[in-house]
Novice: 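Attaching a single structure in structure tokens format; questions to follow.
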Amino acid sequence: GSRSAEGFKLVISNRGLGIEPENQLQIFEKFYRTKAAQSWVQDGTGIGLSVVRKFADLYGDVTITSERIFGTSNWRTDFILSIKAEFA
């Protein structure tokens, strides 16, 4: 994470399934799981990111970027949680 005058920013990255652009807003809905996650990953209820969204709505913002790693079938997905200075 990093701290600035605007607040605090935490970036969490992973490499794996990725999240298609058409699913990037839906993943923050309670119990939503992408089709890829449903077929490949057995664990998870789809509630974690909805909790993150609720927290972010109160204290800052959360964004996502997900793109295929050039030359591979893997993706890099970044979740960026920004907390406003008055809460950081």
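The figures that follow rest on heavy atoms only: side chains count, while hydrogens, waters and symmetry mates do not.
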Novice: In a check of side-chain contact (heavy atoms from CB on, under 4.5 Å) between I27 and each of V52, T77, I64, which one passes?
Specialist: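 The option that passes is I64.
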Novice: What I'd like to find out is whether the side chain of E29 reaches to under 4.5 Å of the side chain of S50, using heavy atoms alone.
Specialist: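 Not in contact.
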Novice: Between CD of E20 and CD of E67, what distance do you get to the nearest 0.5 Å?
Specialist: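 It is 12.5 Å, given to the nearest 0.5 Å.
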Novice: Applying the 4.5 Å side-chain criterion to the ILVMFWY set and letting contacts propagate, would L81 and F8 be lumped into a single cluster?
Specialist: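 Per the 4.5 Å side-chain linkage, L81 and F8 are co-clustered.
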Novice: Going by atom types alone, do S13 and R76 pair a side-chain donor with an acceptor below 3.5 Å?
Specialist: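 Looking only at side-chain atoms, R76 and S13 do form a donor-acceptor pair, the distance falling under 3.5 Å.
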Novice: Given the rule that I, L, V, M, F, W and Y join up when any side-chain heavy atoms are under 4.5 Å apart, are I83 and I80 in one cluster?
Specialist: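 Per the 4.5 Å side-chain linkage, I83 and I80 are not co-clustered.
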Novice: Any chance you could measure I19, atom CD1, to L17, atom CG, to the nearest 0.5 Å?
Specialist: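 Between atom CD1 of I19 and atom CG of L17 there are 8.5 Å.
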Novice: Group every Ile, Leu, Val, Met, Phe, Trp and Tyr by side-chain heavy-atom contacts under 4.5 Å, then state whether I12 and Y59 land in the same group.
Specialist: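 Yes: a chain of side-chain contacts under 4.5 Å links I12 to Y59.
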Novice: Answer with yes or no whether the hydrophobic clustering places F55 together with L49; edges join I, L, V, M, F, W, Y residues whose side-chain heavy atoms lie under 4.5 Å apart.
Specialist: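 Yes, it is one cluster - the side chains of F55 and L49 are joined through contacts under 4.5 Å.
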Novice: Can you find a heavy atom in the side chain of R53 that is under 4.5 Å from one in the side chain of V62?
Specialist: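 Yes - at least one pair of side-chain heavy atoms lies under 4.5 Å apart.
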Novice: Could you check whether any side-chain heavy atom of I69 comes within less than 4.5 Å of a side-chain heavy atom of R15, counting everything from C-beta outward?
Specialist: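 Yes, close enough: below the 4.5 Å cut-off.
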Novice: Look up atom OG in S82 and atom CD in E6, then write down how far apart they are to the nearest 0.5 Å.
Specialist: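 One gets 10.0 Å once the value is rounded to the nearest 0.5 Å.
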Novice: Under 4.5 Å between any side-chain heavy atoms of T65 and F79, yes or no?
Specialist: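 A side-chain contact under 4.5 Å is absent here.
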Novice: G18 and S66: which non-hydrogen atoms are nearest, and at how many Å?
Specialist: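 So the two residues come closest at CA-OG, 3.5 Å.
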Novice: Does the side chain of F31 reach to within under 4.5 Å of the side chain of I47, using non-hydrogen atoms?
Specialist: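 The answer is yes, as the side chains (C-beta and beyond) meet within the 4.5 Å cut-off.
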